[in-house]
Structure formats: C-alpha cells, structure tokens
Amino acid sequence: AYERKDLKNINSAKRTDLLNRITTILDEYRDLRLSQLRTGNQAVIFLKEFRAQYGGLEIDNFNRRDFVKLTNSILVAGNGTKANRVHTHVKTFYNWAIGQGYIDYNPCDRVSKPFKEVARSRFLSSDEIGWFWKATSQDLEPFGQMARLLLLTGQRLNECAKMTESEIINFDRWNLKPTRTKNGNTHDIYLSRQARAVVDRLGRVTASGGYIFTTTGNSPVKSFDKPIKRLRKSMNEISGLELDHFTYHDLRRTCETGLAALKTPQEVIDRITNHLTGRGMARVYNQYDYWEEKADAMQRWADKIDELVR
C-alpha cells in the first residue's frame, strides 16, 4: 500500500485514485481511530480479509453484494463467529469513513449478520480439570502454564497473555491498569499459592520485557490457535475420550462455576472476574474492593483444583 507521504511524486489523477482506495483509507483508519482503542489490534486482524480482497477498490465501488459475498465466504468456511466480527468491523469502518467525508452512504447498512450465535455454556468437569492439569504439564513452555493461570484466576486470555512482572505488587496482588482491562477499570487479582507457582516457575523465558508468558523475552505470546488445539488433543489422549470442544474462554467460565460451587457470593465472583456489578448508583458509590473476600475465594478455588488433580 502507498503511504500518504509517497503520493507527492504521483500525478494528480493517480494520486486521487490512490487516496480513495480502500487500503489507503484503512491505513488512515488504523492510525487515526484504531490506535486509540484497546481493541484496535483485534479490529486490524478482522479487517485483513476485507483489505486482501477489496483493498484495491475505490471506497465507493465496494457495494452491498460485495459485503455479503465477503461475510458469506467466511461463514461457509466454517467460521460463523468470525464472519459476524468481520461484518461488524467493516460496517464500523464505513461509518467512520462517512464521518471523514470519503463516502455518503454505508453499503453495509440493512445487511444482517450471517451467523446466529448461541451463548456458550461449556465448562470443564471435575474429571476434565484433572486431565487438563496433566496435559498442561506436558505442553510447550509457556502455553500450558498460561492455560493453568487462566483456570486459576478466571481472567481474560489477553490479560493473562500480556502479564508482566511489573504488574505484580506485594507478591500476591496482580494489578491491571485501565488500559489493560476490557471495561477500562483498574482491576486487582489475588494470586493464590498455586498461581504464584505458575508465575515463578523454573524454565520461564526471561528478558528485559518482563513478560510472564513469552517465547522471545521481548514480547508476549500472541498465537493461540495451535496451543489450544494441542491441549484438546492431549486431553483426549489422556482421557481416552473424545471430549467436547472447549476454548480458552471456557476456562474463565470454569473458574466462575467452581467459585459458585464453593458458595462464593455472586458480588465477589463479579469482582474477581471484573464484571460490572450492582445497579444504578450502587456502581458509583460502592467502592469497596472486596480484597479479603476475593483472596479467600481464590485460594479456596486453587485448593479445590489441587484436590481434583491429585
């Protein structure tokens, strides 16, 4: 793609054509808008196929039929949820382009998402947690250990994957700044003895970056498809069964379910997982951090996992 600084040596007609191409405007969208968002990198990923297939078109030459063909091609490849995300991000890009004066209408309007998503309810059973723990002990550094921390803490994948030494305060408190959380709130997570064992494990790659889960020392782990597939395959082999499909996010649900089974109050579970809780002014005025309650619940959950994997 041409950068805007490269266009000064191109004749006027050619320059106008390049400036109006989707790939050029996507670069501007990335720099001006997505760079301000915590989820900007995810948007860039979901816009890759749109750029690859239609980046050479001028922005007003992409029509509704093109949009439907793009999302349907992803759907028939077996990626319904991804098709919906691409739908959302392309439509959002065009709304932004309207506000920038590139186009007067959105070709994505009045096009329904191609896939009906069903809320997931998958969590690991007690037996599956045992097989999971054994499989993660055999997995490549650092992915098996990262999966263990996901189960132990119930935090989101990107939050765990980008964990750094500087975020750990007073040994047992993992502090996430607003820029690191989905809802933009500061979040403190209690690190149980078992979670600390993951953080302090022998054989961890260390370097100036301070990342807890890294293969290079200078950047966090980024690719998760192969590790989760490898983990599921290993669990099938250990159990001798064809287990139901699960994702990293289902480990978060397993943690929440386990905490509930241990009679943890919902308001404490919500604070552990950083879900907004309460109604109306209660969200504004109740600033109690529930630290002692969270610490007790997280240690009891980790101890329960120990019982299951013996």
Using the salt bridge (Lys or Arg N to Asp or Glu O under 4.0 Å) rule, take Arg51 and Asp27 through it: C-alpha gap first, then chi angles, then the decisive distance, then the call.
CA-CA 10 Å; Arg51 182 194 288 269; Asp27 288 339; 3.1 Å; yes
Does the distance from a Lys or Arg side-chain N to an Asp or Glu carboxylate O, for [X] and [Y], drop under 4.0 Å?
{"X": "Glu307", "Y": "Lys304", "value": "yes"}
{"X": "Glu117", "Y": "Arg85", "value": "yes"}
{"X": "Asp188", "Y": "Arg271", "value": "no"}

Looking at every non-hydrogen atom in both residues, tell me the closest pair between [X] and [Y] and how far apart they are.
{"X": "Leu231", "Y": "Ala147", "answer": "CD2-CB, 4.2 Å"}
{"X": "Thr153", "Y": "Cys160", "answer": "OG1-SG, 4.0 Å"}
{"X": "Leu75", "Y": "Pro114", "answer": "CD2-O, 3.7 Å"}
{"X": "Asn158", "Y": "Arg180", "answer": "O-NH1, 3.5 Å"}
{"X": "Arg253", "Y": "Ser121", "answer": "CD-C, 3.8 Å"}
{"X": "Leu70", "Y": "Val90", "answer": "CD2-CG2, 4.2 Å"}

Between [X] (side chain only) and [Y] (backbone N and O only), is there a donor and an acceptor less than 3.5 Å apart?
{"X": "Glu159", "Y": "Arg156", "value": "yes"}
{"X": "Asn236", "Y": "Leu243", "value": "yes"}
{"X": "Lys113", "Y": "Ala83", "value": "no"}
{"X": "Asp250", "Y": "Leu124", "value": "no"}
{"X": "Arg30", "Y": "Ile25", "value": "no"}
{"X": "Arg204", "Y": "Val199", "value": "yes"}
{"X": "Thr214", "Y": "Ser219", "value": "yes"}
{"X": "Thr23", "Y": "Gly55", "value": "no"}
{"X": "Asp66", "Y": "Asn63", "value": "yes"}
{"X": "Ser234", "Y": "Arg230", "value": "no"}

Nearest 0.5 Å please: distance from the [atom1] atom of [X] over to the [atom2] atom of [Y].
{"X": "Asp244", "Y": "Ser125", "atom1": "CG", "atom2": "OG", "result": "9.5 Å"}
{"X": "Gln194", "Y": "Trp133", "atom1": "CD", "atom2": "CH2", "result": "7.5 Å"}
{"X": "Arg148", "Y": "Asp139", "atom1": "CZ", "atom2": "CG", "result": "10.0 Å"}
{"X": "Thr206", "Y": "Glu165", "atom1": "OG1", "atom2": "CD", "result": "7.5 Å"}
{"X": "Ile129", "Y": "Asp306", "atom1": "CD1", "atom2": "CG", "result": "11.5 Å"}
{"X": "Cys108", "Y": "Asn95", "atom1": "SG", "atom2": "CG", "result": "8.0 Å"}

Taking it one step at a time, do Thr181 and Thr186 satisfy side chain to side chain contact (heavy atoms under 4.5 Å, CB included)?
CA-CA 7 Å; Thr181 63; Thr186 298; over 6 Å; no
Answer with yes or no whether the hydrophobic clustering places [X] together with [Y]; edges join I, L, V, M, F, W, Y residues whose side-chain heavy atoms lie under 4.5 Å apart.
{"X": "Phe123", "Y": "Leu149", "value": "no"}
{"X": "Leu140", "Y": "Ile212", "value": "no"}
{"X": "Leu176", "Y": "Ile169", "value": "no"}
{"X": "Leu32", "Y": "Ile103", "value": "yes"}
{"X": "Ile45", "Y": "Leu34", "value": "no"}

Look at the aromatic rings of Trp96 and Phe93 and report parallel, tilted or perpendicular, splitting at 30° and 60°.
parallel
Over 60° means perpendicular and under 30° means parallel, so classify the ring planes of Phe224 and Tyr248, tilted if in between.
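Perpendicular, since the angle between the ring planes exceeds 60°.
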Does atom [atom1] of [X] have more than 12 heavy-atom neighbours from other groups under 6.0 Å away?
{"X": "Lys91", "atom1": "NZ", "answer": "yes"}
{"X": "Asp200", "atom1": "CG", "answer": "yes"}
{"X": "Arg33", "atom1": "CZ", "answer": "no"}
{"X": "Asn170", "atom1": "CG", "answer": "no"}

Compare all side-chain heavy atoms of [X] with those of [Y] and state whether any distance is below 4.5 angstrom.
{"X": "Ile272", "Y": "Glu293", "value": "no"}
{"X": "Ser192", "Y": "Trp301", "value": "no"}
{"X": "Leu26", "Y": "Leu47", "value": "yes"}
{"X": "Lys177", "Y": "Asn175", "value": "yes"}
{"X": "Glu28", "Y": "Tyr102", "value": "yes"}
{"X": "Leu251", "Y": "Phe132", "value": "yes"}
{"X": "Gln53", "Y": "Glu49", "value": "yes"}
{"X": "Ile22", "Y": "Tyr29", "value": "no"}

Run the salt bridge (Lys or Arg N to Asp or Glu O under 4.0 Å) check on Arg300 and Asp296 step by step: do they pass?
CA-CA 6 Å; Arg300 286 191 295 115; Asp296 176 69; 3.1 Å; yes
Does the side chain to side chain contact (heavy atoms under 4.5 Å, CB included) test come out yes or no for Phe246 and Ile228, once each step is laid out?
CA-CA 9 Å; Phe246 72 91; Ile228 190 64; 3.9 Å; yes
State, without any angle test, whether [X] and [Y] hold a side-chain donor-acceptor pair at a distance under 3.5 Å.
{"X": "Gln155", "Y": "His187", "value": "yes"}
{"X": "His275", "Y": "Thr273", "value": "yes"}
{"X": "Asp60", "Y": "Asn20", "value": "no"}

Between Lys294 and Asp289, does a salt bridge (Lys or Arg N to Asp or Glu O under 4.0 Å) hold up when you go through it step by step?
CA-CA 9 Å; Lys294 291 194 295 185; Asp289 66 4; over 6 Å; no
Report the C-alpha separation of Arg201 and Glu141 in whole Å, then their side-chain angles, then the decisive distance to 0.1 Å, and conclude whether the salt bridge (Lys or Arg N to Asp or Glu O under 4.0 Å) test is met.
CA-CA 10 Å; Arg201 67 194 182 278; Glu141 168 69 30; 2.7 Å; yes
Whether Arg196 engages the ring of Trp174 as a cation-pi pair (distance to the six-membered ring centre under 6.0 angstrom, angle to the ring normal within 45°) should be assessed.
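Arg196 over Trp174 ring: no.
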Among Arg122, Arg232, Lys134, which one satisfies salt bridge (Lys or Arg N to Asp or Glu O under 4.0 Å) with Glu128?
Arg122
Would Phe67 and Tyr94 count as a close aromatic pair, with their ring centres under 6.0 Å?
no
In this structure, is the centre-to-centre distance between the rings of Phe213 and Tyr211 below 6.0 Å?
no
